[in-house]
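Chain letters run A, B, ... following the sequence lines, proteins first and then strands; every chain starts at 1. Keep in mind that this is a model prediction, so the values were computed, not measured. Computed from heavy atoms alone, side chains included, the values below leave out hydrogens, waters and symmetry copies.
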There are 2 protein chains.
Amino acid sequence: MSRISNIIEIFIKELLDESNNLAVEIQRNELADYFNCAPSQINYVLMTRFTVDKGYLIESRRGGGGYIKIVKVNIDKNQYLRMLMEDIGDVIGNMKAEAIIHRLLEKELISEREKRLMLAAISDRSINTPINLKDHIRANILKSMVATIF
Amino acid sequence: MSRISNIIEIFIKELLDESNNLAVEIQRNELADYFNCAPSQINYVLMTRFTVDKGYLIESRRGGGGYIKIVKVNIDKNQYLRMLMEDIGDVIGNMKAEAIIHRLLEKELISEREKRLMLAAISDRSINTPINLKDHIRANILKSMVATIF
DNA sequence: AAAATATGAAGGTCAAAGAAAGTCAAAATG
DNA sequence: CATTTTGACTTTCTTTGACCTTCATATTTT
């Protein structure tokens, strides 16, 4: 008896394979209904199996006509991207984050303007919270941004 | 999975396109009738989709021969950016933030890639904190980023 | 004829109900 | 113990409807 989470994971990955643009839109309740599980189980699957560092971007909308969109970034083909994700980890300080962004520019993976955007986003001034949260949020933001440039 | 609001939004934008992108005049009740919805739904669409930060001005008149006029405006870029900064304020929700970023792309102040970077940075998933902090941090990040494109 | 009033035809507002997705922690499982 | 499952509760976005305001015009009053 394989875990339902695994089944849902596989199901979503199949959907992604079928869609050539590597993005798929689901209805949370519909999917939960289909698999006869709690709707929040879908969130659990997304949170544990479709994270940014695994190369997935999630975007969603509540309310009438709401949806969950799962986008696959092709991380497997980008050894460097995967390394970056690992390097960033769950927590990252400002210095290290800036160093990573500079390296991206050097490697010509981003433009000068994009560098400035990214630096602005992860700056201490932007993330104006207690220090323990700060580095965590910074890691999230940086990983999300890095995922979009590939 | 478009809900009626999205359909009405698209309809009005088509009207605008047909009219050389200048302005278009509608009758609220007529439109509501056409789409089989409550007249106030039209107001909802205008309020959420045709806001100033999206570059629209609404003007209307009640009474016999009343109308609603939707005007697409094009203001000076620097002026627009300054207005945006003010508009963002200290706290901003995800929807509004996304609307602003989309508008920046429309006005060609940012590229498609930059749009994606910015969206990633301000997404709820990046800013993974208690709700009251979230909108505050988002405002900071967005303002910092917008500042870089001046 | 001019002023006052009534009528009906617009559009405006706001709050409640509905429709999704999100969160969090307790319970279950392995 | 770590992972998974469940469900009660929350937040966000949309739809609906009852009631309000404004305006043009028709009608009545002076």
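- Using a 4.0 Å heavy-atom criterion, one finds that A:G64 contacts the bases of the nucleic acid, with or without backbone contacts as well.
- In this entry the distance linking CE of A:M47 with P of D:dA2 reads 19 Å, nearest Å.
- Side chain to side chain, B:S123 and A:E59 fail the donor-acceptor criterion of an N or O pair below 3.5 Å.
- Contact annotation for A:I68: backbone-only contact, meaning every heavy-atom pair under 4.0 Å involves sugar-phosphate atoms and none involves a base.
- Look at B:E112 and B:K115 and you find a salt bridge, because one of the NZ, NE, NH1 or NH2 atoms lies within 4.0 Å of a carboxylate O, short of that distance.
- One donor-acceptor pair, N or O on each side, does fall under 3.5 Å between the base of D:dG7 and the side chain of A:S40.
- Closest to the A:A38 side chain, of the nucleotides D:dT16, D:dT5, D:dT6, is D:dT6.
- Considering only the side chain of B:R62, D:dT22 comes nearest among D:dC23, D:dT5, D:dT22.
- B:Y56 does not carry B:K13 over the face of its six-membered ring by the limits of under 6.0 Å from the centre and within 45° of the normal.
- Put simply, CD1 on A:I4 is 13 Å from P on D:dG7, counting in whole angstrom units.
- Using a cut-off of 4.0 Å between Lys/Arg side-chain N and Asp/Glu carboxylate O, B:D87 and B:K96 are scored as salt-bridged.
- Here the P atom of nucleotide C:dG11 and the CD1 atom of B:I58 are 13 Å apart, to the nearest Å.
- Sequence order on DNA chain D of the closest nucleotides to B:G63 and B:D135 puts B:D135 first from the 5' end.
- Listed pair B:R125 / C:dG22 meets the phosphate criterion, a side-chain N or O lying under 4.0 Å from OP1 or OP2.
- Nucleotides of DNA chain C nearest to B:G66 and A:P39 differ in position, and the one nearer the 5' end is that of B:G66.
- Looking at the side chain of B:S5, the nearest of the listed nucleotides D:dC13, D:dT4, D:dT14 is D:dT14.
- Atom CZ of A:R49 and atom P of D:dT4 are 5 Å apart (whole Å).
- Rounding to whole angstrom units, CG of residue A:L46 and P of D:dT4 are separated by 14 Å.
- Listed pair B:N43 / C:dG12 meets the phosphate criterion, a side-chain N or O lying under 4.0 Å from OP1 or OP2.
- Rounded to whole angstrom, the span from the CG atom of B:D124 across to the P atom of C:dA20 amounts to 20 Å.
- Distance CG (B:N29) to C1' (C:dA9): 9 Å, rounded to an integer number of Å.
- Side-chain contact of B:R138 with B:N94: a donor-acceptor pair under 3.5 Å is present, judged by distance alone.
- Between A:R3 and C:dG30, a side-chain N or O to OP1/OP2 separation shorter than 4.0 Å is present.
- Residues A:K143 and A:D90 are paired through a salt bridge, judged by an N-O separation under 4.0 Å between the basic side chain and the carboxylate.
- Contact annotation: A:Q41 side-chain N/O to D:dT4 OP1/OP2 distance is not under 4.0 Å.
- An OP1 or OP2 oxygen of C:dT23 is reached within less than 4.0 angstrom by no side-chain nitrogen or oxygen of A:R28.
- Going from atom CZ of B:F35 over to atom P of D:dT14 covers 16 Å, rounded to whole Å.
- Of the two residues near DNA chain C, B:S60 and B:K134, the one whose nearest nucleotide lies more 5' is B:S60.
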